[in-house]
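Note sheet for the following structure.
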Amino acid sequence: MDISYILNELGEERENYFNAIAPPIIQTSNFKFNTVDDFRNALADEYQGNLYSRGFNPTIDILRKKLAALDGAEDALVFGSGIAAVTIPVLALLQQGDEVICIENPYSWTIKLFNDLLPKFGVKTTFVNGSDTSAIEAAINAQTKLIYLESPNTFSFDVQDLEAIAKIAKAKNIITMIDNSYCSPLYQQPIAYGIDLVAQSATKYLAGHSDVVAGVVTGKKALLKQIFEKEYMNIGASLAPQNAWLLLRSLRTLPIRLEKITANANEVIKYLEQHPKVEKVLHPFSRNNKQLELAKKQMKACGGLFSIVLKNSSLEKIEAFCNGLKHILMAVSWGGYESLIIPACAGISKADFSIDNPRHVLIRIYIGLEEPDYLIKDLEQALEKI
């Protein structure tokens, strides 16, 4: 499908809502039925229709169709947060005694899921270097039921070979799942490489205005129905219709927002790569990235997210640089208008910080929709202070 059709028309049966251009917010908790048979059928298979908005809702249905089409998937489920879109499918697909292989250094709450939550249910996780496909293959055993990827991953933006890993997993009947928040469907489509489930924090580029928290998972309808009928409905982490409507609003401008964000980031990266106080820039499309060829094979572009390491870095330098910024905001997340910064050391106590740990010295930067010269001036004056 053409992306313009997906974003502006797919699922929008305007004759059903007064020919309004914008889709409606169906702000209702429940739906009525004309006969007992109709009611019985809806109760028997809630995946097929609207019964109670904890499950599906007409506004959410429009969103699901668009998100599935963007990923080249059969269907989509939407959630109240990005981590719910990771946690609920994992809980639904695993049982006591199963094992997971997860790439090293994923999103912090994903680490908590695998390290803290799943062991309570007798599920073990092995973390491996995802850049080494042979390490993933070597970690597989008879109990392995899921391989979890995040390509590129958090802060260091390491890339995994999606096609090779998917082939290995399918040969052994193992489900593959990826967090694709970094790229969005516009810049990477993991399903085309054989990945089974694609999760995203819709809070990021899909919503794009720093005013919605949401998540999405796409994949085959049979697999999503299995997730829906178990943990999705029981845990009740569904998306509210009003937030689904805000996401529909945001999708209209997704391509042009990402195009501008990417162009801005490229300008800022070019400046930082040449700055004498910057040791290196970590970015999937960096000419210094050992995985550059693989990144360009799998990804169309990189968006606005990258990390830097300061030359002769220290905790004091990192804090002085970050504290010195006047216009780039210090905050979690990314994908909105505002440019953001988050030093890895903010998530580490000062006592635990180690200058010798390469991840501790990373400073993650998100470049938004401001003009690049405006952002470069802010970075320049902050760098002058260290």
Side-chain angles (χ1 to χ4, degrees), residues 1 3-34 38-39 42-43 45-71 73-85 88 181 184-186 199-218 221 224-225 227-228 232-258 333 335-338 369:
M1 285 183 238
I3 190 167
S4 294
Y5 171 74
I6 294 170
L7 298 180
N8 297 297
E9 299 178 58
L10 179 63
E12 300 188 42
E13 299 171 4
R14 294 185 171 96
E15 63 276 11
N16 292 341
Y17 42 88
F18 313 106
N19 289 314
I21 296 298
I25 305 172
I26 306 299
Q27 192 68 42
T28 186
S29 59
N30 49 358
F31 301 84
K32 75 108 174 175
F33 296 88
N34 294 324
D38 289 344
F39 198 10
L43 287 166
D45 188 2
E46 196 167 342
Y47 197 83
Q48 298 306 314
N50 299 309
L51 171 73
Y52 188 53
S53 285
R54 174 162 53 88
F56 292 147
N57 168 288
T59 307
I60 289 168
D61 289 344
I62 298 171
L63 178 63
R64 288 173 53 224
K65 288 175 183 176
K66 291 180 186 294
L67 293 175
L70 286 173
D71 263 346
E74 290 181 4
D75 208 348
L77 290 175
V78 290
F79 301 77
S81 69
I83 193 58
I88 290 174
S181 302
S184 88
L186 268 61
Q200 288 179 78
S201 171
T203 310
K204 311 299 191 285
Y205 293 124
L206 297 182
H209 291 73
S210 302
D211 56 8
V212 174
V213 176
V216 57
V217 168
T218 60
K221 184 170 287 189
L224 294 181
K225 190 171 189 287
I227 295 165
F228 176 86
Y232 182 91
M233 288 298 292
N234 216 88
I235 291 173
S238 54
L239 188 66
Q242 189 163 7
N243 281 345
W245 182 86
L246 286 169
L247 274 163
L248 288 168
R249 167 215 62 180
S250 299
L251 288 179
R252 304 284 205 224
T253 60
L254 178 61
I256 196 165
R257 285 189 289 107
L258 269 175
S333 198
Y337 181 95
E338 310 83 4
L369 288 161

For I26 and I60, run side chain to side chain contact (heavy atoms under 4.5 Å, CB included): C-alpha distance rounded to whole Å, both residues' side-chain angles, the deciding distance at 0.1 Å, then the answer.
CA-CA 9 Å; I26 306 299; I60 289 168; over 6 Å; no

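- With hydrogens and angles ignored, the 3.5 Å screen pairs no side-chain donor or acceptor of N243 with any backbone N or O of L239.
- Under a cutoff of 6.0 Å and an axis angle of 45°, R64 and F56 form a cation-pi pair.
- Heavy-atom minimum distance, A85 versus A199: O-CB, 4.0 Å.
- Residues that satisfy the salt bridge (Lys or Arg N to Asp or Glu O under 4.0 Å) test with R14, not counting sequence neighbours, are E12.
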message: I'd like to know whether W245 forms a side chain to side chain contact (heavy atoms under 4.5 Å, CB included) with L63, so could you lay out the CA-CA distance, the side-chain angles of the two residues, the decisive distance to 0.1 Å, and finally the verdict.
response: CA-CA 8 Å; W245 182 86; L63 178 63; over 6 Å; no

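- The shortest distance between side-chain heavy atoms of D45 and K225 falls below 4.5 Å.
- A distance of 9.5 Å separates CZ in R257 from CG in L186, rounded to the nearest 0.5 Å.
- Rounded to the nearest 0.5 Å, atoms CD (Q200) and OG1 (T218) are 7.0 Å apart.
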Taking it one step at a time, do V216 and L77 satisfy side chain to side chain contact (heavy atoms under 4.5 Å, CB included)? CA-CA 6 Å; V216 57; L77 290 175; over 6 Å; no

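- Shown here for P241 and T59, the closest heavy-atom pair between the two residues is O-CG2, 3.7 Å.
- Under the 3.5 Å distance criterion, the side-chain polar atoms of Y232 are matched with a main-chain donor or acceptor of V78.
- Atom CZ of F39 is surrounded by 12 or fewer heavy atoms from other residues, nucleotides or ligands within 6.0 Å.
- Shortest non-hydrogen contact noted between A207 and S250 is O-OG, 2.5 Å.
- Nearest approach of S53 to T28, heavy atoms of both residues: OG-O, 2.7 Å.
- Considering only residues two or more places apart in sequence or on other chains, K221 meets the salt bridge (Lys or Arg N to Asp or Glu O under 4.0 Å) condition with none of them.
- Remark: the N30 side chain and the K32 side chain contain no N/O donor-acceptor pair separated by less than 3.5 Å.
- One distance of note links CG of N57 with CD1 of I62; it measures 9.0 Å at 0.5 Å rounding.
- K66 has no carboxylate O lying under 4.0 Å from a charged side-chain N of D71, or vice versa, which leaves the two without a salt bridge.
- Note that the CG atom of L258 and the CG atom of L206 stand 8.5 Å from one another [nearest 0.5 Å].
- Under the 4.5 Å side-chain criterion, counting only non-hydrogen atoms from C-beta, P23 is in contact with Y17.
- T203 contributes a side-chain N or O that, together with a main-chain N or O of A214, makes up a donor-acceptor pair within less than 3.5 Å.
- V213 has its side chain out of reach of S333: every pair of non-hydrogen atoms, C-beta onward, lies at least 4.5 Å apart.
- Rounding to the nearest 0.5 Å gives a distance of 5.5 Å between CG of D75 and CG of L224.
- At most 12 heavy atoms of other shown residues, nucleotides or ligands fall within 6.0 angstrom of atom OH in Y52.
- Under a 3.5 Å cut-off, the side chain of R54 and the backbone N or O of S238 do not form any donor-acceptor pair.
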Item checked: Criterion side chain to side chain contact (heavy atoms under 4.5 Å, CB included) on Y337 and H209, from CA distance to verdict -> CA-CA 6 Å; Y337 181 95; H209 291 73; over 6 Å; no

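- For the pair R252 and L7, the minimum side-chain heavy-atom distance is 4.5 Å or more.
- Across all their heavy atoms, G55 and M233 have their closest contact at CA-SD, 3.5 Å.
- The minimum heavy-atom distance between P185 and L70, with the atom names listed, is CB-O, 3.6 Å.
- For CD of E9, the number of neighbouring non-hydrogen atoms (other residues, nucleotides, ligands) closer than 6.0 Å is greater than 12.
- The backbone N or O of S201 lies less than 3.5 Å from a partner atom in the side chain of S181, making a donor-acceptor pair.
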### Task
Go through the steps to decide whether S210 and E338 satisfy the test side chain to side chain donor-acceptor pair (under 3.5 Å), and finish with yes or no.
CA-CA 8 Å; S210 302; E338 310 83 4; 3.0 Å; yes

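- Of the inter-residue distances, the one linking L254 atom CG with I256 atom CD1 reads 11.0 Å to the nearest 0.5 angstrom.
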